[in-house]
Amino acid sequence: TSGTYASKNVGSSILVSTSLGSSDFSPAGSTNLSNYVLPTSASGNIGDITVRPLSTWVGGASGNWSAASNWDVLPDLSNVLAVSVPTGKSVIYDAAAGSTNLGSLTAAGLSIAGGALTIANNLTVNSSFSKTGGTLSFGAGASAGITQASGDLNLPAMTVASLSLSAPAGAITQSGAIVASNLITQSVTGATLTDSGNRIANFNAANSGSGNIALINTGALSIGGISNSGGGINIDNTGAVSTVGAVTAPAGAVSIVAHSPLSLGSGGVSAASDISLTAGGTGAATDNLTLGGTVATTGSTSSITLLASHDLIQNANVTTGGGAVSATAQTGSIVMGPSSTTSTGAGGISYTPTAGNATLSSLNAGTGPIAVSAGGNITPVAGFSGANLIGGEATIVAGGDVTLSTRVNVLNVTAQGTYSITDLISGNVIASAVSTAPATVTDQVLTTVTATTQQQVVQTTEQTQPPPATTAIGTSGSTLLISSTQTTGGTADTFGGSATSAASSSPGSSRRRAP
């Protein structure tokens with residue numbers, strides 16, 4: 001006899017009906033029945049149906065999923081584990097297909113127009129993808145790789161653990177938020193992923209032509225590496241950002257904003273145009289900018305801007321091809337590593353820990369200006385020897401003490417505490433007087449040192465009366481604009497030595513010495 005399952009769908013303990021009646025199970029009429037154990041009635045027959053391993057598209061170049069004639073076996077509900085659509089074929093998942101649950105789907109082309117398609121493990125689309133309706137969902141831990149062989153790839157809202165997007169002849173855009181643990185993009189004319197709902201944990205991107213790589217994201221973000229040969233890179237993340245591999249834009253600019261800490265890995269950041277790295281915005285003491293890799297721009301006027309809400313920690317070199325470098329720590333300090341340097345060729349350098357200390361290795365502006373303004377102390381980093389400031393003119397402002405070595409032509413100092421500055425051009429040490437009680441300095445001394453081939457010319461201008469010998473220079477908010485070739489202190493009514501030498505430096509006069 002034959003049996004009929006109550007359902008064609010995958011399941012266990014499915015009722016199987018037969019054409020046998022009760023009398024057909026009687027042992028009478030056969031001498032071989034003792035070899036068998038038979039049920040006593042036709043009721044209670046059950047069977048199992050397991051999932052089909054694979055369904056393959058046999059239809060034309062394109063067609064609807066719901067048409068059974070397009071398949072060797074129609075993949076519907078949860079009856080098929082995997083689906084394959086061969087090269088050159090494209091399937092439309094239509095509303096009539098209803099709900100389909102698959103383990104994996106590999107298709108040359110896939111267009112979702114209706115229904116509900118769920119993929120537990122893996123989706124691979126090799127040539128074309130679109131979504132105009134219906135839903136596409138994934139199981140926990142699933143992955144998806146989507147390639148748009150020609151034109152642009154526009155991705156709908158998608159939540160998947162691992163996502164790889166490729167547009168080898170166009171750009172990548174999105175019409176809905178991406179939620180993914182890992183996202184990799186490859187494009188030719190840019191990747192613009194700026195939906196405010198993006199929640200991406202790890203990001204890698206490459207663009208081989210013109211156009212920018214742009215990402216707006218929320219949550220802790222790790223950047224494995226970004227390269228854009230023809231455009232710029234713009235990352236705006238609400239949450240901590242860390243980079244692992246290199247971030248490079250050899251023909252454009254780079255901007256990374258973390259509304260939280262930003263930590264740069266050993267791969268560093270390089271660009272042809274401006275570079276801007278920003279950490280902070282939450283007001284937390286952890287909103288630090290940490291540079292663990294080189295930051296370099298090659299443009300002759302391109303600048304580097306470093307901004308931290310709290311501390312700025314520089315453990316790698318920062319260089320420009322002639323543009324300026326600006327580094328700011330709004331509520332914390334700036335700390336350079338002993339082997340890190342900042343150099344600009346001739347561009348200006350500005351280091352400003354507004355409320356904290358500046359601990360410096362080398363700031364080398366070539367012939368350009370340098371400005372260091374700290375709410376606290378300005379000191380060299382332990383383990384560094386050499387000139388902390390190299391440039392044409394240096395302006396130092398400190399709310400505390402200053403201890404530096406300089407190689408500059410013009411030095412301007414304003415210090416609330418004591419200072420000791422070694423001028424490596426002349427070998428002189430410029431130091432504040434020692435006093436047990438603060439005193440107000442009523443004089444300002446402006447000295448300009450001009451280096452020539454054979455000599456240095458020192459011009460000194462004095463205003464009002466010089467301080468008595470007991471006055472402590474550089475205390476109680478004094479303003480000092482002081483020569484890098486002169487030493488303060490000495491005999492009363494003099495500047496830097498005896499009464500005789502002071503007399504020879506009367507206002508408007510100049511004196512010469514061997515360099």
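Numbers here are sequence positions counted from 1.
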So, [X] versus [Y]: side-chain donor-acceptor pair below 3.5 Å or not?
{"X": "N122", "Y": "S143", "result": "yes"}
{"X": "N207", "Y": "S187", "result": "yes"}
{"X": "N121", "Y": "S104", "result": "no"}
{"X": "S270", "Y": "T248", "result": "no"}
{"X": "N288", "Y": "T290", "result": "no"}

Quiz prompt | side-chain contact (heavy atoms from CB on, under 4.5 Å) against A249, all qualifying residues, sequence neighbours excluded | solution =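 Only I233, V254, A271 meet the side-chain contact (heavy atoms from CB on, under 4.5 Å) criterion with A249.
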
Knowing that exactly one of [options] qualifies, which makes a side-chain contact (heavy atoms from CB on, under 4.5 Å) with [X]?
{"X": "L363", "options": "T344, I390, L389", "result": "L389"}
{"X": "L105", "options": "V125, V91, T100, L110", "result": "L110"}
{"X": "F203", "options": "N217, I184, I235", "result": "I235"}
{"X": "T359", "options": "V381, I334, N377", "result": "V381"}
{"X": "L215", "options": "D236, L221, N237", "result": "L221"}

Could you state the interatomic distance from [atom1] ([X]) to [atom2] ([Y]), rounded to the nearest 0.5 Å?
{"X": "T118", "Y": "F138", "atom1": "OG1", "atom2": "CZ", "result": "9.5 Å"}
{"X": "N202", "Y": "S222", "atom1": "CG", "atom2": "OG", "result": "5.0 Å"}
{"X": "D287", "Y": "T331", "atom1": "CG", "atom2": "OG1", "result": "8.0 Å"}
{"X": "L307", "Y": "S276", "atom1": "CG", "atom2": "OG", "result": "7.5 Å"}

Quiz prompt | Criterion side-chain contact (heavy atoms from CB on, under 4.5 Å) on L404 and T379, from CA distance to verdict | solution = CA-CA 6 Å; L404 289 176; T379 57; over 6 Å; no

